[in-house]
Amino acid sequence: MLARQRQAVILEEVRRTGAVRVSDLVTRLGVSDMTVRRDLDALARRGQVEKVYGGATSATGRSTDEPGFEAKSVRQLPEKEAIAAMAAELVRPGTAIGLSAGTTTWTLARYLDDVADLTVVTNSIRVADVLQQRGRTDRTVVLTGGVRTPSDALVGPVAVQALRSLHLDLVFLGVHGMALNAGFTTPNLNESETDRALVDAASNLVVLADHTKWATVGISTIAQLDEAHVLVSDEGLDEGAREVLSEHVDELVLAPVPTRRTQPEVGA
């Protein structure tokens, strides 16, 4: 198969699913890892895909663009793992917490295995599945109802009504973007209202956002920067962003990210 044919197949798969993994493409196309990466490089140079760790996603950028869960799940994987591990240290046994929908909060859910007697409220089907699969008998998982979004969040009046009657010790909020004037934002208007209800239920708000979320603005604001008691990001956050955020959030925590090991490309 010629390079342009492979790239056409890859582009079609990205358009269909929102994201592709290098490992899957190696199997599907019957070529080497390096060949797939060169094809992704070519597509990225033409602006047709956005390269991410381990694969590629659709090239987007509009304030209403909402990638699906699979597309977001392959972005900034080391950063999300580092952020989730640090955020999990904030959770104490016997508390009631909220987890918004999103791939970073979904990652956090996998780090909560050792927390006893925990009640978790979430509007994410994916988060609820992770927590319930762990099989702990001392855990209560509450899943709101609502209308399902492309990112597998449950939103709308049903979800908002369920959240308005709750009082949670700690809420972990994943966001699409963060900026000085816009605050913490989402590309989905209905999700914004639901996330706002989750924020209002919190005694303490912890926002989880990797460094790529800085200066990204979705169409709707969930909360202003100064509403966050803690913002957990990663050390990739630039100095300018650190200064701005440190002035507005109560506490800025930067998770160290393990250095990625890369191997030089050889051959053609």
Please give me the minimum heavy-atom distance between [X] and [Y], naming the atom from each residue.
X: A255; Y: A82; value: CB-O, 3.5 Å
X: G146; Y: L154; value: O-CD2, 3.7 Å
X: I219; Y: P187; value: CG2-O, 3.6 Å
X: A179; Y: A215; value: CB-CA, 4.5 Å
X: M178; Y: L225; value: CB-CD2, 4.4 Å
X: M86; Y: P256; value: CE-CD, 3.9 Å

With no hydrogens and no angle check, is any side-chain donor or acceptor of [X] less than 3.5 Å from a backbone partner on [Y]?
X: R126; Y: A101; result: no
X: T221; Y: A182; result: yes
X: T185; Y: G218; result: yes
X: R164; Y: D200; result: no
X: T122; Y: L99; result: yes
X: H229; Y: L205; result: yes
X: T194; Y: G156; result: yes
X: S100; Y: G174; result: yes
X: D250; Y: V230; result: no
X: R6; Y: V36; result: no

What is the distance from atom [atom1] of [X] to atom [atom2] of [Y], rounded to the nearest 0.5 Å?
X: L11; Y: R4; atom1: CG; atom2: CZ; answer: 15.0 Å
X: L131; Y: T119; atom1: CG; atom2: OG1; answer: 11.0 Å
X: L180; Y: Q224; atom1: CG; atom2: CD; answer: 9.0 Å
X: D210; Y: S233; atom1: CG; atom2: OG; answer: 6.5 Å
X: T149; Y: N188; atom1: OG1; atom2: CG; answer: 5.5 Å
X: T186; Y: E193; atom1: OG1; atom2: CD; answer: 12.0 Å

Hey, are the side chains of [X] and [Y] touching, using non-hydrogen atoms and a 4.5 Å cut-off?
X: R92; Y: D169; value: no
X: L168; Y: I97; value: no
X: Q133; Y: R110; value: no
X: L143; Y: Q132; value: no
X: L112; Y: R139; value: yes
X: L166; Y: L198; value: no
X: E79; Y: T212; value: no
X: Q48; Y: Q7; value: no

Given the rule that I, L, V, M, F, W and Y join up when any side-chain heavy atoms are under 4.5 Å apart, are [X] and [Y] in one cluster?
X: V142; Y: V199; value: yes
X: F172; Y: V207; value: no
X: L173; Y: L163; value: yes
X: V26; Y: V9; value: yes
X: W106; Y: L118; value: yes

Q. Among pairs that include at least one residue of residues 218-233, which meet salt bridge (Lys or Arg N to Asp or Glu O under 4.0 Å), considering only residues two or more places apart or in two chains?
A. R196-E227

Q: Report the C-alpha separation of T216 and H176 in whole Å, then their side-chain angles, then the decisive distance to 0.1 Å, and conclude whether the side-chain contact (heavy atoms from CB on, under 4.5 Å) test is met.
A: CA-CA 7 Å; T216 296; H176 174 77; 3.8 Å; yes

Q.
Go through it in stages, so that I can follow the logic: the residues are V232 and T104, the test is side-chain contact (heavy atoms from CB on, under 4.5 Å), and I'd like the CA-CA distance, side-chain angles, deciding distance and then a yes or no.
A. CA-CA 11 Å; V232 185; T104 310; over 6 Å; no

Q: Decide salt bridge (Lys or Arg N to Asp or Glu O under 4.0 Å) for D33 and R37; before the verdict, give the C-alpha distance in whole Å, the side-chain angles of both, and the deciding distance to 0.1 Å.
A: CA-CA 6 Å; D33 179 282; R37 292 184 186 279; 2.6 Å; yes

Q) Can R148 and D152 be counted as an ion pair, charged N to O under 4.0 angstrom? A) yes

Q) Side chains of E81 and Y111: is there a donor and an acceptor less than 3.5 Å apart? A) yes

(Q) My understanding is that only one of T103, D234, T107 makes a side chain to side chain donor-acceptor pair (under 3.5 Å) with K80; could you say which? (A) T103

Q: Report, as yes or no, whether the 6.0 Å neighbourhood of atom CG on D114 holds more than 12 heavy atoms from other residues, nucleotides or ligands.
A: no

Q | Residues R242, L237; criterion side-chain contact (heavy atoms from CB on, under 4.5 Å); working and verdict | A | CA-CA 7 Å; R242 295 184 190 192; L237 195 67; 3.9 Å; yes

(Q) Apply side-chain contact (heavy atoms from CB on, under 4.5 Å) to residues R45 and D41 and explain how you reach the verdict. (A) CA-CA 6 Å; R45 283 194 299 271; D41 285 338; 3.7 Å; yes

